[in-house]
**Q** 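Quick one: this structure, given as structure tokens, is what I'll be asking you about.
This one's a predicted model, so the numbers in the text were calculated from it and none came from an experiment. One-based numbering, in listed order, for ligands and for the atoms of each.
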Amino acid sequence: MYAITLREFGGPEVMMWSEVPDPVAGPGEVLLDVVASGVNRADLMQRQGHYPPPPGASEILGLECAGRVAALGEGVTGWSVGDEVCALLAGGGYAEKVAVPAAQLLPVPAGVDLVTAGGLPEVACTVWSNVVAAGRLAAGETFLVQGGSSGIGTHAIQVAKALGARVAATASPQRADRCRDLGADIVVDYHQDVPAQLAEATDGHGADVILDNMGAKALAANVTMLAADGRLLVIGMQGGTTAEVNLNTLLRKRGTITAMSLRGRPVDGPHGKGAVVAGVREQVWPMLADGRVRPVVHATVPMDRADEAHRQLEAGGVVGKLLLEVPIG
Ligand SMILES: NC(=O)c1ccc[n+]([C@@H]2O[C@H](COP(=O)([O-])OP(=O)(O)OC[C@H]3O[C@@H](n4cnc5c(N)ncnc54)[C@H](OP(=O)(O)O)[C@@H]3O)[C@@H](O)[C@H]2O)c1
């Protein structure tokens, strides 16, 4: 098969569309013929050598894909050869074929085409495991997502809205309207004073749940913005890894800070990828099927030109997901 390989760690130019051995479906796994894969910020970090795959995972980039079941490994039930599916991956999505644990498969949601489905599993699993499972966002609460126009942000706005929350998002001013169109009630410019803008828009309440992509750079502001009993969910470190937190502020609010990665989770167990995928299928897939949540695709690029997609994501200004489509023939 062909796949994107890395000549060395570095810029987008190190990616090559090369012939590599086909993967094989082991026990409990399914082999997929990939149709499309989603591009994630983590892929840029892996390409640069800053985000190695977890032990045992494919070295090939790609944390999600959609395609057709080509073969079933020993012991797999519930799926058939030819089924159209999408999958959460620990790696290997930038390729014509990938082997994935059956527990990480999802059906293509009703009303979503196969290529578009390739960009859903990573955002849906990240948002559900944080905002729903850990954050317990409830109807009537205020939710803030940092980076509202991102792949994660565009999905999180819609899921939070479908859960009945009041939704706030940070974004660049030129992308504020896109966040409003997706359901954000409040959009604040992340270049300005975010806590002051949110306090004004919420009459001083702040946010009950915050989904944060910035890490260290936004930690103090995020703690300031938490409402009483608020939950801060850190998923990204675009603004660094190390910062101080004022425990007195956090304590007085009875606040919690959680930082979680999806990729490193085991497949099985109560906090494994299989449990996350099952939760997404039960609670988020119906939102896609009835149109409360719609996939947001910025552009689709041929997979052998993955370098172009990485350049676009690095440049900023992408709204929603970038997809890589496997070239035909
Ligand atoms: N923990 C996990 O399991 C997990 C899983 C998936 C993703 N993530 C993380 O989630 C984040 C979003 O992922 P993605 O793939 O959707 O990324 P993405 O599409 O590349 O989006 C990055 C976003 O950050 C925004 N941004 C830039 N500077 C900002 C600032 N100062 N404050 C707030 N937002 C700012 C950008 O806005 P502009 O375009 O306007 O610059 C852009 O919308 C990333 O940090 C990623 O690493 C974590």
Side-chain angles (χ1 to χ4, degrees), residues 37-48 50-51 54 61-64 88-91 93 119-131 133-135 144-159 168-179 182 184 187-195 197-198 210-222 225 232-241 258-265 271-273 276-277 280 295-299 309-324:
S37 286
V39 178
N40 289 282
R41 187 149 287 266
D43 305 342
L44 312 183
M45 289 159 53
Q46 185 173 340
R47 191 202 68 218
Q48 291 161 349
H50 303 316
Y51 191 41
L61 304 187
L63 299 177
E64 58 187 343
L88 179 70
L89 307 173
L120 277 174
E122 178 73 12
V123 288
C125 291
T126 302
V127 169
W128 183 87
S129 58
N130 280 277
V131 176
L144 170 69
V145 57
Q146 296 271 18
S149 59
S150 67
I152 292 283
T154 52
H155 183 80
I157 289 171
Q158 299 180 81
V159 169
T170 63
S172 294
Q174 60 271 41
R175 285 176 278 287
D177 282 345
R178 297 295 302 275
C179 295
L182 292 168
V187 183
V188 300
D189 179 355
Y190 69 63
H191 301 95
Q192 306 295 329
D193 185 338
V194 173
Q197 293 174 84
L198 186 75
I210 301 176
L211 186 64
D212 174 62
N213 61 346
M214 294 307 294
K217 192 174 156 194
L219 183 63
N222 282 332
M225 290 188 286
L232 167 59
L233 306 154
V234 180
I235 60 165
M237 294 171 287
Q238 290 170 224
T241 57
T258 304
M260 288 197 302
S261 133
L262 184 59
R263 190 183 197 183
R265 288 174 185 252
H271 304 291
K273 292 194 185 90
V276 173
V277 165
V280 164
V296 180
V297 175
H298 184 84
H310 278 216
R311 284 190 186 93
Q312 281 192 52
L313 200 63
E314 269 167 357
V318 168
V319 178
K321 294 290 297 194
L322 285 166
L323 301 177
L324 303 175

**Q** Using a 4.0 Å heavy-atom threshold (strictly under), name the region of T126 that reaches ligand 1: side chain, backbone, both or neither.
**A**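 For T126, the contact with ligand 1 is made by the side chain alone.
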**Q** Give a yes or no answer on whether the side chain of H298 reaches the backbone of V319 with a donor-acceptor pair at less than 3.5 Å.
**A**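 Looks like yes, one N/O pair under 3.5 Å.
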**Q** Please could you name the atoms of ligand 1 that L262 approaches to less than 4.0 Å, counting only its heavy atoms?
**A**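 Ligand 1 atoms under the 4.0 Å threshold to L262: 2 (C), 3 (O).
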**Q** Could you tell me the residue and atom name of the protein heavy atom closest to atom 21 (O) of ligand 1, and the distance to it rounded to 0.1 Å?
**A**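 Scanning the protein heavy atoms, the shortest distance from atom 21 (O) of ligand 1 goes to S150 CB, 3.0 Å.
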**Q** I'd like to check I152 versus I235 (side-chain heavy atoms, cut-off strictly below 4.5 Å). Are they in contact?
**A**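 Side chain of I152 against side chain of I235, heavy atoms only: contact under 4.5 Å found.
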**Q** Look at the side chain of Q197 and the backbone N and O of D193, then say whether any donor-acceptor pair between them is shorter than 3.5 Å.
**A**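 Flag set: sc Q197 to bb D193 pair under 3.5 Å.
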**Q** When you measure from the side chain of R265 to the backbone N and O of H271, does any donor-acceptor pair fall under 3.5 Å?
**A**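 Yes: the side chain of R265 pairs with the backbone of H271.
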**Q** Distance under 4.0 Å to a non-hydrogen atom of E122: what atoms of ligand 1 satisfy this?
**A**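 By the 4.0 Å cutoff, the relevant atoms are 5 (C), 6 (C).
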**Q** Restricting to non-hydrogen atoms, name the atom on P173 and the atom on H191 that form the minimum distance, rounded to 0.1 Å.
**A**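 Here P173 and H191 meet closest at CD-ND1, 3.9 Å.
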**Q** Between R263 and A90 (side chain of the first, backbone of the second, donor and acceptor by atom type, cut-off under 3.5 Å), is there such a pair?
**A**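 Confirmed, R263 side chain pairs with A90 backbone.
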**Q** Among all protein heavy atoms, pick the one closest to atom 25 (C) of ligand 1 and tell me residue, atom and distance.
**A**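 Here the closest protein heavy atom is N213 ND2, 3.8 Å.
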**Q** How does R175 reach ligand 1, if at all, at less than 4.0 Å between non-hydrogen atoms: by side chain, backbone, both, or neither?
**A**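 Side chain only; the backbone of R175 stays clear of ligand 1.
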**Q** May I ask you to identify the nearest protein heavy atom to atom 39 (O) of ligand 1, giving residue, atom name and distance to one decimal place in Å?
**A**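 Closest protein heavy atom to atom 39 (O) of ligand 1: G317 N, 2.8 Å.
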**Q** Where on M45 is there a heavy atom closer than 4.0 Å to ligand 1, on the side chain, on the backbone, on both, or on neither?
**A**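 Looking at M45 and ligand 1, no heavy atom falls under 4.0 Å.
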**Q** Which atoms of ligand 1 are found less than 4.0 Å from any heavy atom of I235?
**A**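 Counting from 1, the qualifying ligand atoms are 1 (N), 2 (C), 4 (C), 8 (N), 9 (C), 10 (O), 48 (C).
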**Q** Side chain to side chain contact (heavy atoms under 4.5 Å, CB included) with L232: which of L211, N222, L144?
**A**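 The single option meeting the side chain to side chain contact (heavy atoms under 4.5 Å, CB included) with L232 is N222.
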**Q** Considering only non-hydrogen protein atoms, determine which one is nearest to atom 44 (C) of ligand 1 and report residue, atom name and distance to 0.1 Å.
**A**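 Heavy-atom neighbour on the protein nearest atom 44 (C) of ligand 1: Q238 OE1, 3.1 Å.
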**Q** Is it the case that the side chain of S150 and the backbone of G153 share a donor-acceptor pair, with hydrogens and angles ignored and the cut-off at 3.5 Å?
**A**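 It does hold such a pair.
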**Q** Which of the numbered atoms in ligand 1 are under 4.0 angstrom from any heavy atom belonging to T170?
**A**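 Near T170, meaning under 4.0 Å from one of its heavy atoms, ligand 1 has 33 (C).
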**Q** Provide the number and element of each atom of ligand 1 under 4.0 Å from a heavy atom of G236.
**A**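 It comes down to these atoms of ligand 1: 45 (O).
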**Q** Tell me, which protein residue and heavy-atom name are nearest atom 16 (O) of ligand 1, and how many Å apart are they?
**A**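 Ranking protein heavy atoms by distance from atom 16 (O) of ligand 1, first comes I152 N, 2.9 Å.
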**Q** Please tabulate, one pair per line, all N/O donor-acceptor pairs under 3.5 Å involving side-chain atoms of residues 311-318, not counting sequence neighbours.
**A**
from	atom 1	to	atom 2	distance (Å)
R311	NH1	D307	OD2	2.9
E314	OE2	R47	NH1	3.2
E314	OE2	R47	NH2	2.5

**Q** For ligand 1, which atoms sit closer than 4.0 Å to a heavy atom of G147?
**A**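 Under 4.0 Å from G147, ligand 1 has these atoms: 33 (C), 34 (N).
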**Q** Show me, pair by pair, the donor-acceptor contacts under 3.5 angstrom made by side chains of residues 120-128, not counting sequence neighbours?
**A**
from	atom 1	to	atom 2	distance (Å)
T126	OG1	E122	O	2.7
W128	NE1	Q283	OE1	3.0

**Q** M260 heavy atoms, cut-off 4.0 Å: which ligand 1 atoms fall inside?
**A**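 Listed by number with element: 1 (N), 2 (C), 3 (O).
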**Q** Please confirm whether S149 comes under 4.0 Å of ligand 1, counting heavy atoms of the residue only.
**A**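 Yes.
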**Q** For E64 and N40, does a side-chain donor sit closer than 3.5 Å to a side-chain acceptor?
**A**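 Judged by distance alone, the side chains do pair up.
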**Q** Just by distance, do the side chain of Q158 and the backbone of T154 share a donor-acceptor pair under 3.5 Å?
**A**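 Looks like yes, one N/O pair under 3.5 Å.
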**Q** If the cut-off is 4.0 Å to any non-hydrogen atom of G151, which atoms of ligand 1 fall inside it?
**A**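 Every atom of ligand 1 under 4.0 Å from some heavy atom of G151: 16 (O), 19 (O).
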**Q** Relative to ligand 1, is V123 under 4.0 angstrom through side chain, backbone, both or neither, heavy atoms considered?
**A**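 V123 to ligand 1: no contact under 4.0 Å from either part.
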**Q** Quick check on A42 - does any of its heavy atoms sit under 4.0 Å from an atom of ligand 1?
**A**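 Distance cut 4.0 Å: A42 fails for ligand 1.
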**Q** Looking at side-chain heavy atoms only, is the closest gap between K321 and V296 below 4.5 Å?
**A**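 When only atoms from C-beta onward are counted, V296 and K321 do not touch, as no gap falls below 4.5 Å.
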**Q** Return the closest protein heavy atom for atom 27 (C) of ligand 1 as residue, atom name and distance.
**A**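 Result for atom 27 (C) of ligand 1: Y190 OH, 3.4 Å.
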**Q** Considering heavy atoms of the protein only, find what lies nearest to atom 15 (O) of ligand 1 and give residue, atom and distance to 0.1 Å.
**A**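 For atom 15 (O) of ligand 1, the nearest protein heavy atom comes out as R41 N, 3.3 Å.
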